[in-house]
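Reviewing the structure listed below.
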Amino acid sequence: MELPFALIKPCILFFFILGNITFLRVRAKTSNDLISDVCKRTTTPRLCLQILKSNGRARKASSPLELGEVSMDLSKSSAKATKNMILFSSLRTRDKGLKERYKSCAVNYDSALYYINIANQYFKGGDYASVGRYTAAALNEPIACRHNFARAEPAWLREGNDKL
């Protein structure tokens, strides 16, 4: 079963943009310049450009804050979709060990969603230092999910966790 990675990729942007929002100093630029400016600071600029330039709201963003809001929304929907795929995979397998690992990953993604929601509250309140702390916490959850599988991680989940 293949996971549509377009649903997972936006989380990368969420963690980068919101974690570093206070460091971005962007003058009046076009949205393409803004997206390029943000993406060149990521560890995966090509993926960042692909995600943001394919999103209508991101293309219309005129500030890092607007781009942060877009990435927050994309990350929430991506984390929910990934969690749903994990739950679906858990239901489909008969291997008890694999089922337990999937359930553990679902808990990790629940935690990630919890941290994203808290980060969103701080984002709306303008407390970007706290946003950074909670996005970092959310980022640790897919890493914990990866550790549940060690070397037996399914390819779709491994790639999704790598991209996060």
Side-chain angles (χ1 to χ4, degrees), residues 3-88 104-148 156-164:
L3 175 67
F5 295 110
L7 297 175
I8 295 175
K9 297 173 192 174
C11 284
I12 297 167
L13 301 176
F14 169 74
F15 298 119
F16 173 76
I17 293 171
L18 296 180
N20 295 294
I21 200 85
T22 58
F23 300 109
L24 294 174
R25 303 283 188 253
V26 180
R27 295 174 294 169
K29 294 185 175 188
T30 68
S31 60
N32 274 340
D33 289 342
L34 177 61
I35 289 171
S36 295
D37 207 34
V38 167
C39 289
K40 70 182 176 187
R41 298 170 191 237
T42 66
T43 57
T44 55
R46 192 179 331 212
L47 179 60
C48 175
L49 285 168
Q50 176 189 351
I51 293 166
L52 290 180
K53 287 190 175 185
S54 68
N55 182 278
R57 284 181 53 215
R59 285 192 312 268
K60 293 176 185 174
S62 61
S63 73
L65 291 175
E66 287 179 37
L67 212 48
E69 185 177 341
V70 170
S71 69
M72 178 82 67
D73 293 343
L74 290 171
S75 296
K76 279 177 75 171
S77 65
S78 174
K80 286 178 184 178
T82 301
K83 179 187 164 203
N84 288 338
M85 281 299 297
I86 290 168
L87 291 173
F88 179 73
S104 181
C105 281
V107 170
N108 293 128
Y109 275 87
D110 275 337
S111 295
L113 284 163
Y114 171 78
Y115 293 132
I116 290 168
N117 286 330
I118 291 175
N120 190 31
Q121 292 171 5
Y122 283 116
F123 181 76
K124 289 177 180 176
D127 183 353
Y128 303 118
S130 293
V131 171
R133 283 192 296 276
Y134 282 96
T135 56
L139 182 58
N140 285 329
E141 296 303 327
I143 293 168
C145 175
R146 158 169 283 143
H147 289 134
N148 290 330
W156 62 265
L157 186 56
R158 181 180 58 247
E159 186 174 337
N161 286 335
D162 284 346
K163 290 180 179 183
L164 284 175

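- Remark: side-chain polar atoms of N117 are paired, donor with acceptor, to backbone N or O of L113 under 3.5 angstrom.
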*Could you go through the side-chain hydrogen bond (donor to acceptor under 3.5 Å, both in side chains) check for Q50 and S54 one step at a time?*
CA-CA 6 Å; Q50 176 189 351; S54 68; over 6 Å; no
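- A distance of 12.5 Å separates CG in N148 from CD1 in I143, rounded to the nearest 0.5 Å.
- Considering every non-hydrogen atom in both C105 and L157, the closest pair reads SG-CD2, 4.2 Å.
- Checked against side-chain hydrogen bond (donor to acceptor under 3.5 Å, both in side chains), S130 has the following partners two or more places apart in sequence or in another chain: D127, R133.
- N55 meets the side-chain hydrogen bond (donor to acceptor under 3.5 Å, both in side chains) test with no other residue; sequence neighbours excluded.
- With N120 contributing its side chain and I116 its backbone, the two residues share no donor-acceptor pair below 3.5 Å.
- Contact check for P142 versus N108: no side-chain heavy atoms found under the 4.5 Å cut-off.
- For K83 against Y109, the heavy-atom pair with the smallest separation is CB-CB, 3.9 Å.
- Across every non-hydrogen atom of C48 and T42, the tightest pair is CB-OG1, 3.8 Å.
- Taken from CD1 in I51 to CZ in R46, the straight-line distance is 13.0 Å, to the nearest 0.5 Å.
- Nearest heavy-atom pair across K53 and R59 is O-NH1, 2.8 Å.
- Looking at every heavy atom in both residues, Y115 comes nearest to Y134 through CB-O, 3.5 Å.
- Without hydrogens or angle criteria, S111 side chain to V107 main chain gives a donor-acceptor distance under 3.5 Å.
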*Going through the distances and angles, do D73 and R57 end up as a side-chain contact (heavy atoms from CB on, under 4.5 Å)?*
CA-CA 10 Å; D73 293 343; R57 284 181 53 215; 2.8 Å; yes
*Which is it for N84 and F88 under the side-chain contact (heavy atoms from CB on, under 4.5 Å) test, yes or no, and what are the steps along the way?*
CA-CA 6 Å; N84 288 338; F88 179 73; over 6 Å; no
_Test log, rule side-chain contact (heavy atoms from CB on, under 4.5 Å), inputs F123 and Y128_ = CA-CA 6 Å; F123 181 76; Y128 303 118; 3.7 Å; yes
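- Remark: Q121 engages no residue in a side-chain hydrogen bond (donor to acceptor under 3.5 Å, both in side chains) (not counting sequence neighbours).
- For the pair L49 and C39, the tightest heavy-atom approach, listed with the atom from each and the gap, is N-SG, 3.3 Å.
- Rounding to the nearest 0.5 Å gives a distance of 11.0 Å between OG1 of T82 and CG of L87.
- Interatomic distance, CG of D37 versus CD1 of I35, reported as 11.0 Å (0.5 Å rounding).
- Rounding to the nearest 0.5 Å gives a distance of 5.0 Å between CG of L67 and CG of L34.
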